Amino acid sequence: MNERYEAQRIEQKWQARWERERLFRTEDDAPGEKFYILEMFPYPSGKLHMGHVRNYSIGDVAARYLRMKGYNVLHPMGWDAFGLPAENAAIKNGVRPDLWTHANIEEMRAQLKTLGISYDWEREIAMCDPEIYRWTQWIFIRFFKAGLAYKKKNPVNWCPSCETVLANEQVIDGHCERCGTAVGKKNLDQWYLKITKYAQRLLDDLDELDGWPANVKLMQRNWIGRSAGAQVDFPVADSDEKIRVYTTRPDTLFGATYMVLAPEHPMVRTLTYKTEYAAQADAFIDRLQHLNDIERSSATLEKEGLFIGRYAVNPLTGAKIPIYIANYVLMDYGTGAIMAVPAHDARDFAFAKKYGLEIIPVVDPGREDIDLYHLEEAFVAEGTMINSGDFNGLNNRDAIREITAYAEKQGFGKATVNFRLRDWLISRQRYWGTPIPMIYCPHCGWVPEKEENLPVLLPEDVEFTGRGESPLTTSPTFRQVACPQCGGPAEREVDTMDTFLDSSWYFLRYCDAGNEGRIFSDASVRKWMPVDQYIGGVEHAILHLLYARFFTKFLCDQGIAPVSEPFTNLLTQGMVLKDGKKMSKTLGNVVSPEEIIVRYGADTARLFILFASPPEKELEWSDAGVEGSYRFLKRVWTFVRRVLEGEKAAGSADGPGHAGETGADARALRYALNTAIKKVSADIGERYNFNTAISAIMELVNAAYKYADTKNAEPALLRETAEKLILALSPFTPHLCEELWECCGHAGSVLSEPWPAWDEKELVLDTEEIALQINGKVRGKFSVPAGLSADALAAYAADTDEARAFTDGKQVVKSIAVPGRLVNIVIK
RNA sequence: GCCGGAGUGGCGGAAUUGGCAGACGCACCGGACUUAAAAUCCGGCGGUUCGCGAGAACUGUACCGGUUCGAUCCCGGUCUCCGGCACCA
């Protein structure tokens with residue numbers, strides 16, 4: 001065995017051997033309970049960053065541990081290969097997006113292999129592969145046929161830098177999720193998926209996801225944004241028209257003193273038609289449209305409105321109330337119209353004050369300090385109904401129910417539910433994505449491509465203009481096609497799909513990655529789904545994770561997927577920081593994984609990244625910390641070498657076989673060994689706390705060094721310690737451990753060894769250290785035979801010299817004993 | 001503004017069910033080995049005060065208060081930071 005730990009040589013040797021022996025291949029019918037562990041697949045940008053290393057190292061520890069525990073583990077990897085960078089490279093450098101992408105995939109796959117992640121590469125998929133995206137198209141057609149995909153002209157989010165539309169989920173604080181440019185609006189004809197039809201189920205089923213972090217579930221809940229209330233119809237005075245509003249406060253209906261329509265509301269035009277107000281309204285709307293999304297929807301924007309010359313009738317009071325348009329009412333929530341109750345809504349209050357509108361209180365807080373008729377701000381809390389006819393005296397919560405019921409009986413309203421969630425806009429005016437497999441026929445309308453003609457291939461004869469229109473329009477051959485229904489001349493859709501569709505089902509394909517005739521076999525997904533453990537960044541809490549749940553539910557309804565929730569357990573790993581900030585090229589604080597691997601080896605990189613912080617927390621990069629991890633691995637190497645050399649020196653006769661020595665030193669090491677294995681098992685298997693698992697192994701190594709230095713150190717016990725140590729460390733630093741395992745004289749891989757067991761008996765000590773507390777303060781320690789009862793322990797404690805010193809001359813009030821831990825004597 | 005989460009040594013972090021705060025690592029300090037250095041091994045390391053010294057006392061988990069024999073952990077309040085949502089009727 002070499003004196004020095006040579007990471008490079010060892011890692012190359014074992015990576016080659018793993019590949020040659022196809023060690024990580026998963027067979028559906030292999031023995032053992034199935035476990036599907038998955039890390040979010042990367043976009044093939046060309047280089048792995050530390051965030052990737054962290055993500056995949058976490059997954060690999062779990063995967064390797066579970067394999068050793070006897071599970072049949074599915075641990076695949078693939079590529080989220082469609083997306084803008086490839087196309088931008090094409091525009092800038094004239095490289096074909098497919099070639100650019102595949103070159104990047106090659107490079108990143110090689111990098112992943114140098115990290116030693118145990119992927120079954122035989123199941124690798126790339127979403128840009130026509131044999132894969134044909135199924136993305138196939139799913140889209142299923143959506144269309146189910147009535148859940150539709151095309152609609154609507155004002156949509158437009159990123160002027162990416163030159164494409166964006167889904168609501170991709171607009172973060174009014175900026176593009178990808179490039180950070182402020183998002184504007186454009187009126188475009190686009191494809192949508194009806195995710196809103198699944199809103200309630202997406203919300204309800206969150207309750208079952210016990211294995212998800214609470215914050216992610218909460219973010220999804222907020223995003224779905226369910227609100228319960230009522231819709232109420234207000235007749236327009238001197239007209240047959242009605243204006244429908246949505247309110248969560250039907251109890252305040254008596255206090256509705258004016259109405260507001262969103263400026264884009266279609267009734268604005270009809271109500272102002274041929275009146276003096278028409279021109280003003282147009283001007284107002286025009287002015288609003290020049291604001292961008294952030295300005296328009298800012299809560300701090302000054303409320304502005306315009307009376308449009310018409311009145312509505314409060315259906316409860318019969319009062320004529322003015323109709324306004326205002327910048328604070330949004331067209332795309334509720335009905336685009338509100339009843340305004342200034343006394344009990346902060347926004348309505350501000351508006352009413354500004355325009356001198358009537359304020360009628362209808363909920364009495366019953367508080368001295370609030371003068372209801374001279375309110376300084378809206379009163380929004382609970383109270384008793386006043387000024388509300390027959391409903392006076394009710395608690396306003398009851399009034400919500402009563403007034404809704406009354407409105408329903410009278411036929412002018414009913415209870416409804418509203419969601420904040422909008423349908424998913426999936427059209428993109430870009431090239432490098434899955435073509436939307438739809439054809440427009442002037443005769444038949446929108447018709448899906450025939451399934452047997454899939455995939456609809458991306459044309460190669462295109463120009464990359466990057467100018468706001470799909471490059472597919474520039475193909476002379478792509479567009480013109482015969483209608484699949486009537487055979488007449490028709491035109492293909494030229495937009496491509498949002499790449500989030502690809503990642504919404506990829507995890508299903510791994511179950512049967514090579515299937516040529518079907519999306520996947522029923523048996524394969526029944527075998528592997530759901531994903532037992534999913535690992536990725538929290539930035540996908542809403543986007544990817546909500547879409548994937550939606551797809552899975554839809555495919556389940558279609559009888560294609562066997563489960564309605566894709567991911568049983570979710571771990572959202574924290575970011576990797578340097579100097580307190582996210583690693584980024586612009587900040588120039590990027591540490592490249594390659595550099596670390598070349599210098600210290602992948603095992604050190606993995607160990608450091610897992611040790612420095614618990615997986616879900618942020619991780620601060622530390623060069624000194626990496627040194628420390630490297631030092632530890634050298635220490636492990638040296639320990640094993642010393643054990644083996646010790647055996648050689650002692651001769652084979654004294655080899656393994658009688659590790660039963662009962663000396664105190666041996667006893668202490670066996671305790672440390674079994675404690676460590678128990679802790680590592682729990683920390684990996686149950687808690688996913690890899691940092692504390694590693695610290696437990698470090699403690700074991702410290703204990704092992706200490707024991708090895710004692711005079712009568714038993715070679716057999718040292719060997720047992722070394723071997724169990726190697727196995728327990730192997731999920732973290734597999735290359736080193738394979739090498740050490742081989743040095744110990746074993747032929748096979750550590751991966752086919754069973755996970756080391758611990759012996760509960762070894763965890764029971766003969767004596768225990770008990771803390772002595774006086775009035776809750778630690779005043780001493782004493783040693784007792786293990787396993788004393790609370791009473792016996794208290795008696796023992798009272799008899800110690802320390803206790804006597806403190807209790808002497810004092811009155812002992814009581815004494816609390818916690819077996820194995822402490823005794824607290826309370827004195828006066 | 002609303003909804004979450006977090007605050008522990010010089011630093012990353014640990015304390016799993018209310019029971020010895022600071023495991024493990026980094027940095028630092030000391031010692032051994034060495035002509036010397038590096039590497040390695042061993043030891044020390046929250047703060048304040050007292051003591052020549054072994055040691056002792058007090059104090060300490062953002063801050064104020066509470067419950068409890070006992071609180072980093074539970075409860076009430078305050079501050080700060082982070083994240084999400086934000087004119088959603």
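Order of the sequence lines sets the chain letters (A, B, ...), proteins ahead of strands, with each chain counted from 1. These figures come from a predicted structure and were not determined experimentally.
Residue A:K582 qualifies as open at atom NZ: its count of foreign heavy atoms under 6.0 Å is 12 or below. The 12-atom threshold is not exceeded at NZ of A:K414, counting heavy atoms of other residues, nucleotides or ligands nearer than 6.0 Å. No more than 12 heavy-atom neighbours from other residues, nucleotides or ligands sit within 6.0 angstrom of CD on A:E377.
Considering only side-chain atoms of A:T247, the nucleotide from B:A89, B:G19, B:C3 that sits closest is B:A89. Considering only the side chain of A:I542, B:C85 comes nearest among B:U16, B:C85, B:A89.
Between the CD atom of A:E177 and the C1' atom of B:G84 there is a distance of 15 Å, given to the nearest Å. One interatomic measurement links the two molecules: CZ of A:F782 to P of B:C20, which rounds to 14 Å at whole-angstrom precision. One interatomic measurement links the two molecules: CE of A:M219 to C1' of B:G5, which rounds to 12 Å at whole-angstrom precision. Put simply, CD1 on A:I694 is 13 Å from P on B:C26, counting in whole angstrom units.
Between A:R420 and B:A89 there is no side-chain N or O to OP1 or OP2 distance below 4.0 Å. OP1 and OP2 of B:C26 both lie 4.0 Å or more from every side-chain N or O belonging to A:S622. An OP1 or OP2 oxygen of B:A14 is reached within less than 4.0 angstrom by a side-chain nitrogen or oxygen of A:N691. For A:Y246 and B:A89, the shortest distance from a side-chain N or O to OP1 or OP2 is not below 4.0 Å.
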Could you run down the sub-3.5 Å N/O contacts of the protein with nucleotides 6-10 of chain B?
none

Close N/O contacts between protein and nucleotides 56-60 of chain B (under 3.5 Å):
{"unit_1": "B:C58", "atom_1": "OP1", "unit_2": "A:R779", "atom_2": "NH2", "d": "3.3"}
{"unit_1": "B:C58", "atom_1": "OP2", "unit_2": "A:R779", "atom_2": "NH1", "d": "3.0"}
{"unit_1": "B:U59", "atom_1": "OP2", "unit_2": "A:K777", "atom_2": "NZ", "d": "3.1"}

Heavy-atom protein contacts under 4.0 Å, nucleotides 37-47 of chain B, coded B base, S sugar-phosphate only, - none:
--SSSS-----

For nucleotides 67-74 of chain B, 5' to 3', base contacts (B), sugar-phosphate-only contacts (S) and non-contacts (-) with protein non-hydrogen atoms under 4.0 Å give --BS----

Classify every nucleotide of nucleotides 28-34 of chain B by which part a protein heavy atom approaches to under 4.0 Å, writing B for the base, S for the sugar-phosphate alone and - for neither, in 5'-to-3' order.
-------

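Taking the six-membered ring for Trp, A:F611 and A:F690 have ring centres at least 6.0 Å apart. Not less than 6.0 angstrom separates the ring centroid of A:Y258 from the ring centroid of A:Y355. A:Y630 has its ring centre no less than 6.0 Å from the ring centre of A:F632.
Note that A:R635 lies in the cation-pi zone of A:Y705, set by a 6.0 Å cut-off to the ring centre and a 45° limit from the axis.
Counting only Watson-Crick or G-U wobble pairs whose defining distances are both under 3.5 Å, the stems of 3 or more consecutive pairs in RNA chain B are B:1-7 with B:79-85, B:10-12 with B:24-26, B:28-32 with B:40-44, B:46-50 with B:55-59, B:62-66 with B:74-78.
Contact annotation for A:E699: backbone-only contact, meaning every heavy-atom pair under 4.0 Å involves sugar-phosphate atoms and none involves a base. A:L822 comes within 4.0 angstrom of a base, heavy atoms only. Using a 4.0 Å heavy-atom criterion, one finds that A:G628 contacts the sugar-phosphate atoms exclusively. Within 4.0 Å (heavy atoms only), A:K679 reaches at least one base atom of the nucleic acid. The residue A:E769 sits close to a base: some heavy atom pair falls under 4.0 Å.
Rounded to whole Å, the C1' atom of B:U17 lies 14 Å from the corresponding atom of B:A71.
Between A:S227 and A:L619, it is A:L619 whose nearest contact on RNA chain B lies nearer the 5' terminus. Where A:I770 and A:E618 each meet RNA chain B at their nearest nucleotide, the meeting point lying more 5' is that of A:E618.
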